Amino acid sequence: MSDLVTLTRDGDIGIITVDNPPVNALSPGVPEGIAAAIDQVVADSSLRAAVLIGAGRTFIAGADIKEFGKITSGQKKREIGLHPVLFKIEDSPKPVVCAIHGTAFGGGLEVAQACHYRVASPTAQVGQPEVKLGIIPGAAGTQRLPRLAGVAKAVEMCAFGDPVGAADALACGIVDRIIEGDLLAGAIAFAAEVKAPRKSRERGSKLGHAAANEPIFAAAREQARKKLRGKNAPLRAIDAVEAATKLSFEEGIREEARIFEECLFSAESKAMIHAFFGEREVAKIPGLPKETATLPIRKAAVTGAGTMGGGIAMAYVNAGIPVRLKEVSEEALIRGLSTIRKNYDRSVSSGRLSREAAEQRMSLITPSTTYDGFEEADIIVEAVFEGMQLKKEVFTELDQIARPDAILASNTSTLDIDEIASATRSPHRVIGHHFFSPANVMRLLEIVRGKESSPEVIATSMTLARRLAKVGVLVGNCRGFVGNRLFHPYRREAIFLVEEGATPRQIDEALYDFGMAMGPLATGDLAGLDVGWRIRKEYQHLEKPGVRRALIEDRLCELGRYGQKTKAGWYKYDDNRNRMDDPEVDRIIDEVREELRVKPRAISNEEIVDRILYSLVNEGARVLEEGIALRAVDIDVIYMTGYGFPTHRGGPMWYAASVGLKRVYERIEEFERQHGELWTPAPLLKRLAEEGRGFDA
Ligand code: 3H9
């Protein structure tokens, strides 16, 4: 047996403990350890049953995901997988009871399914989240789960990957008992009660009949195509569960293995595994020691109760942190609060939140038209209108009101954080917290480090992001930071392409088909075209004369077409925000083309996707070279969590590397020849392409 798995005893019950921190993944040595422990239990005549449990904070959270990369890169040979140990558990002549706490995910749940019985603590979660890594369960999860939980539940869990709580797991038959109090003691008591082993693979009664199952599969496929657009693994997971209903168990696991293998080597899986580790990598800040002190955040204050400020207040109270919310007038405050109330009401009516929880969260918000109470806050977030002068005035005030150790965060989306900090006497405590709209929903938080932001303020911001259920990404200070700086050329190219002959709909559909949550022009309409217009005007003096400018959007704004909020932007909208083409926009486009003497040409979707995405990549390479982004993966995470970039494409930098940087570079050179200096290749991209390397190599 290995150190990773130990066997102890309590009377005649063997206790097999998996101890592989942090999440007890099934790394090399763990399956072997479990197998050896089962052998020992079976061989020991003084033991009549066994309990399998995880040490530390969780049961087994799945296969070791790091191993997948080694297999697909050819570093490691693909092994037979987990089947031998699972059969060993299931074929044990002595009952094996699995005791679940924390998360039994993926291979962890598959191990649990091979046990004869399962008990769980009330807060435990079980799940088959493999599709979130672009794969399917590969250790008979698609075969044993429908036998335990029924076909509908298995399809839901395997195709959509969301976790299931203990009570639900009990109701559908995955778990046999919930143990209140000490889990191990409860599991031992349960093991003492059970008489004989019970093999999950032989329990066929829940597999149902073809006539009843077909609508389940059809509905799941339709939902997967819609909800998980562009992803293949969810559809293949449904195929594998369907195989369980049509084939013998042995044939079923062979079919599952075939599909698993196909998914594991797919571009989708590589990109999604990159996204998984990327989200964790961004939390690690080179040069910031792990032991940097963080400041306790018990109370927060937000100034500005508009769309952003209201959403930010919600993010805080959702995490249990009370917030003082300030607006300039009673009227604006009431408007802001009523939007927050409406958002919570919507969550209650959709069943996502209980009425009590919603009321409790509302009660954590103390509205005010003054700075009263701001002196108690550990952090103050400024979410006023995006204008440098106003922000500086607000920061001068906050600096005087705030406790000397309180953090002062600006929710600016583009402005110079150092200039904002210069309005205070304590720039070391000023930092950017750039939330994305809606701030209570979107997972990204760009944390903008000013040149004087202290290590404690940075470390606290990173920890706080996690507490607010956000992915915090630390970025440097420049106009637009990482996200919006890259978004500028991305949207500019979209507008150029319209000038040259594409229709707004063609552009949006091409990017949507690539996998973006929304096309660039429709996104502009959603966010409000006036925001960018105002920023362009503020920075007009910095524009280089003679460089091509995108004109159409400014024209739309001049006509008051700000997007969805004015029911007119690149499209027109009805009362339900349904998007429709607008002949008025065609007229404006024709006008601009005439002015520019452009003869519209037919533009392929391939050109649209290349131009729009490679503009992101080229700017991304600059941002990387300048150190504004710490790593290429930080850019990827920003785009996947804040800008709707599809996870199965791994983010713009990953996507470029998967196309091949040399190919991307050559295409950018071609665009430079056609369209001029806005396409000058980033020096880093040129160098990496010439050296045949990727971004993070
Ligand atoms: C699978 O099981 C396939 C099977 O069908 C079998 C096929 C044969 N492997 O997220 P955290 C690391 S596929 C390796 O911050 P939390 C993570 O990178 C797998 N490493 O903690 C991080 O490292 P670091 C199916 C893993 O408390 C550290 O652990 N299972 C794994 O917020 C802490 O992670 C899944 O997809 C892993 N499986 O959340 C579950 N899991 O500190 C994936 C975590 O160096 N994991 N790490 O950055 C999760 O969803 C969350 O980690 C979990 C804990 C909810 C468990």
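Counting convention: from 1, in listed order, for ligands and their atoms alike. FYI, side chains are in, hydrogens and waters are out, and symmetry mates aren't considered; it's all heavy atoms of this structure. Model, not experiment: these values are computed from the prediction.
- Distance check on atom 23 (O) of ligand 1: every protein heavy atom falls at or beyond the 4.0 Å cut-off.
- The shortest separation from a heavy atom of Lys132 to ligand 1 is not under 4.0 Å, leaving the residue out of contact.
- When non-hydrogen atoms are compared, ligand 1 lies under 4.0 Å from the backbone of Ile65 as well as from its side chain.
- Under a 4.0 Å heavy-atom criterion, Gly81 is not in contact with ligand 1.
- Using a 4.0 Å cut-off between heavy atoms, Gln128 makes no contact with ligand 1 at all.
- Of all the atoms in ligand 1, the ones that sit under 4.0 Å from a non-hydrogen atom of Phe260 are 7 (C).
- Residue nearest to atom 56 (C) of ligand 1, selected from Pro22, Pro137, Ala61, Gly108: Ala61 (by heavy-atom distance).
- At a threshold of 4.0 Å, the pair Asp636-Arg649 does not count as salt-bridged, since none of the basic side-chain nitrogens sits closer than that to a carboxylate oxygen.
- Per-residue contacts place Glu110 under 4.0 angstrom from the following atoms of ligand 1 (heavy atoms of the residue considered): 4 (C), 5 (O), 6 (C).
- One option in His83, Arg280, Glu130, Glu279 has a heavy atom closer to atom 52 (O) of ligand 1 than any other, and that option is Arg280.
- The part of Arg57 lying near ligand 1 is the side chain, judged by heavy-atom distances below 4.0 Å.
- A salt bridge is absent between Arg225 and Glu222; no separation between the charged side-chain nitrogens and carboxylate oxygens falls under 4.0 Å.
- Contact annotation for atom 40 (C) of ligand 1: protein present (non-hydrogen atoms, distance under 4.0 Å).
- Salt bridge status for Arg144 with Glu90: present, with a side-chain N to carboxylate O gap under 4.0 Å.
- A 6.0 Å sphere centred on NZ of Lys299 holds no more than 12 heavy atoms belonging to other residues, nucleotides or ligands.
- For Phe514 and Tyr655, the ring centers are positioned less than 6.0 Å apart.
- Phe260 does not carry Arg258 over the face of its six-membered ring by the limits of under 6.0 Å from the centre and within 45° of the normal.
- Taking the centre and axis of the six-membered ring of Phe160, the NZ or CZ atom of Lys227 falls inside the cone set by 45° and 6.0 Å.
- Polar contact with ligand 1: absent for Phe277 (N/O pair, distance under 3.5 Å).
- Counting heavy atoms under 4.0 Å from ligand 1, residue Thr103 touches it through the side chain alone.
- Distances between N or O atoms of Ile135 and those of ligand 1 include no value under 3.5 Å.
- At the shortest separation from atom 20 (N) of ligand 1 among protein heavy atoms lies Lys66 NZ, 4.0 Å.
- Residue Arg466 places a heavy atom under 4.0 Å from ligand 1.
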